[in-house]
Amino acid sequence: MKTSKKVLSCALMTSLLIGITACDGDTGSAGNSAPVAGTPATTPVTTVDPDENAKTDTDIKDVDTAIYTPDGNAGTVKWLCYYDIHSDQKGAEQCLVFESEQYGGNIEYMTCPSGDAYLERIATLIASDDSPDAVEQSVCRFPSTISRNMFEPLDDYIDIHSPMWEGMLDIIESYEYNGKHYKIPHMQTTSYALNYSKKTIEENNLPDPYELYRNGEWTWDAWRNMMQQFCDRSEDNIGFYCTENVLLAIVNTTGATMVEIAPDGSLVSNIADPRVTRAMKFIEDLHRDGVTYAKQLGDWVPPETFAGNCDRLLFLLMEPEWTYTAATKQLQNKTGIENDVFDTVSEFAFVPFPRDTDADKYYQQSATWGIAVPKGAKNIKGAADMINCFRAYEVDEKVIEQVRQDHINPKPIYYTEGKYAGSRKWQITWGEQEYDLWIEMRESKGLEPVTEIADSGFDTNFWNIYAPVMNGIAFDGESWTQKSAEIAPVIEAALDEYR
């Protein structure tokens with residue numbers, strides 16, 4: 001976006017939302033794949049041991065310095081987030097590299113809540129001249145929070161035109177704001193997938209979704225027919241579960257988005273786009289068919305709950321890496337080392353969202369992952385070194401192959417401290433099919449990436465215009481024709497504040 005945009009007026013949004021919530025009931029959550037505080041779950045979210053993060057003999061990968069040559073003086077980077085990046089699937093090994101002599105870095109973890117409270121905490125620290133150096137990039141929302149002068153431009157610290165960034169350059173340039181780059185994600189990823197149990201598919205004599213996808217036959221109709229067959233076999237069976245923001249990924253399979261940024265930088269609402277209407281009518285039909293979720297397992301169904309109920313919940317529509325790992329961990333990594341299941345490929349799998357039957361391609365909602373630097377950070381250079389480190393890790397061909405082997409044929413690692421010192425640590429064993437497909441989906445191989453900003457580019461209040469409507473269509477049988485007409489002017493008024 002080349003031109004500046006105004007910030008949403010809190011007073012205006014409050015008045016708009018009063019009208020919406022009065023008509024449509026609960027507003028639901030924003031675009032975060034996490035439960036609202038206090039949301040019940042029917043199974044515990046974890047059964048693993050509390051000290052499972054104790055140190056192990058994991059090797060530090062050697063990243064080729066020809067790709068990017070660090071000066072070894074990154075220093076201490078204050079990481080503010082709702083999770084410790086040292087234990088994150090997307091960052092644990094990269095942290096080891098960053099904290100080696102090669103980079104000379106140290107990551108100091110500062111905890112805080114997630115969601116809007118995360119952004120509020122960052123704003124408070126900026127105001128008190130105590131900014132962290134690095135945060136998870138989801139709070140660096142494009143176009144909204146970038147316009148608030150909450151983040152540092154990184155052009156003087158990161159050379160996005162170097163060969164290392166070649167595969168991400170177009171995406172990075174799409175986030176340009178007033179000639180600067182505040183958001184420089186180091187990897188592309190896939191937002192969501194349809195997760196399922198291969199065992200459940202086989203036991204119910206259903207078509208293999210993966211084979212349908214490989215054969216070009218994984219369409220809305222194929223998905224709908226499969227869920228109808230499954231639900232017809234038992235009143236207890238459920239076709240799919242997802243949160244309201246994940247429904248956007250169904251819309252995106254048409255190639256359309258709810259909100260887009262036009263080539264001239266203007267914001268456009270596509271709520272009346274025929275493709276959006278077609279997708280929402282399809283979702284209406286899914287509810288009419290009786291395959292949508294009716295809170296049989298509680299308000300929130302995380303992967304752990306899915307793992308214990310995958311015989312009756314056919315598809316969980318969530319981020320595939322997290323779902324695959326967490327669901328497998330629930331079954332294989334029980335409390336106590338003696339109960340762990342090793343060297344066994346997970347029974348779970350996933351596929352991209354099915355193709356719109358009328359579309360010419362497999363369109364897929366795409367996303368990015370990365371690190372942003374808040375305004376007033378004291379170690380911008382160190383944070384930039386950290387970003388470059390993560391990117392170098394992503395593009396090193398030797399590391400790429402090592403990481404693949406770590407997933408499909410993991411080398412045993414052992415605890416070096418704590419009560420399990422000397423014992424083997426549980427690791428997931430990925431199936432080759434699942435790992436290779438995950439990489440294909442991340443890199444959009446054979447898929448056309450679509451970027452949706454309706455639930456991630458603005459404040460939670462903006463998404464809450466859509467949320468109750470999306471929920472109502474999918475889970476309460478409401479009419480898209482009626483509801484879309486009601487919110488269309490509200491959306492336009494909200495977007496006018498940016499135009």
Handout entry: For E394, salt bridge (charged side-chain N to carboxylate O under 4.0 Å, His left out) partners two or more places apart
Key = R442
Between [X] and [Y], is any side-chain donor less than 3.5 angstrom from a side-chain acceptor?
{"X": "E434", "Y": "H407", "answer": "no"}
{"X": "H86", "Y": "E99", "answer": "yes"}
{"X": "S138", "Y": "E136", "answer": "yes"}
{"X": "T253", "Y": "Q364", "answer": "no"}
{"X": "D130", "Y": "S128", "answer": "no"}
{"X": "W426", "Y": "Q332", "answer": "yes"}
{"X": "Q188", "Y": "S444", "answer": "yes"}
{"X": "Q137", "Y": "T368", "answer": "yes"}
{"X": "Y192", "Y": "N252", "answer": "no"}

Practice task
For the pair K378 and D129, evaluate salt bridge (charged side-chain N to carboxylate O under 4.0 Å, His left out) and give the outcome as yes or no after the intermediate values.
Solution key: CA-CA 9 Å; K378 304 301 187 294; D129 193 29; 3.1 Å; yes
Can you tell me how far apart [atom1] ([X]) and [atom2] ([Y]) are? Round to the nearest 0.5 Å.
{"X": "T325", "Y": "I428", "atom1": "OG1", "atom2": "CD1", "value": "4.5 Å"}
{"X": "F353", "Y": "I250", "atom1": "CZ", "atom2": "CD1", "value": "5.5 Å"}
{"X": "S191", "Y": "M441", "atom1": "OG", "atom2": "CE", "value": "9.5 Å"}
{"X": "I261", "Y": "I453", "atom1": "CD1", "atom2": "CD1", "value": "4.0 Å"}

Practice task
Decide whether a cation-pi geometry holds between R355 and W218; the criteria are a distance under 6.0 Å from NZ or CZ to the six-membered ring centre and an angle within 45° of the ring axis.
Solution key: no
Handout entry: Ring-face cation contact, Y175 with K183, 6.0 Å cut, 45° max
Key = yes
For [X], enumerate each residue passing the side-chain hydrogen bond (donor to acceptor under 3.5 Å, both in side chains) test, keeping only those at least two apart in sequence or located in another chain.
{"X": "K199", "value": "none"}
{"X": "T189", "value": "none"}
{"X": "K61", "value": "E93, D406"}
{"X": "Q94", "value": "none"}

Problem - Centroid separation Y362 to Y213 less than 6.0 Å - result: yes
Problem - Ring centres under 6.0 angstrom apart (Y118, Y82) - result: yes
Practice task
Scan for salt bridge (Lys or Arg N to Asp or Glu O under 4.0 Å) pairs involving residues 62-82, sequence neighbours excluded, and state none if there are none.
Solution key: D71-K381
Handout entry: Within 6.0 Å of CD in E211, more than 12 heavy atoms from elsewhere
Key = yes
Problem - Residue pair I184 / I172: nearest heavy atoms and the distance that separates them - result: CG2-CD1, 3.6 Å
Problem - Exercise: identify the closest heavy-atom pair between E321 and K90 - result: OE1-NZ, 3.7 Å
Handout entry: E440 and R214 ion-paired at < 4.0 Å
Key = yes
Problem - Side chain proximity check, Y157 to D385, heavy atoms < 4.5 angstrom - result: no
Fill in the blank from the handout: In F306, Y324, Y196, the residue satisfying ring-ring contact (aromatic ring centres under 6.0 Å, His included) with F348 is F306
Problem - Backbone of S266 reached by a side-chain donor or acceptor of D264 within 3.5 Å - result: yes
Exercise for the section: Test salt bridge (charged side-chain N to carboxylate O under 4.0 Å, His left out) on K198 and E347 and set out the steps. Expected result: CA-CA 6 Å; K198 289 181 284 189; E347 75 170 73; over 6 Å; no
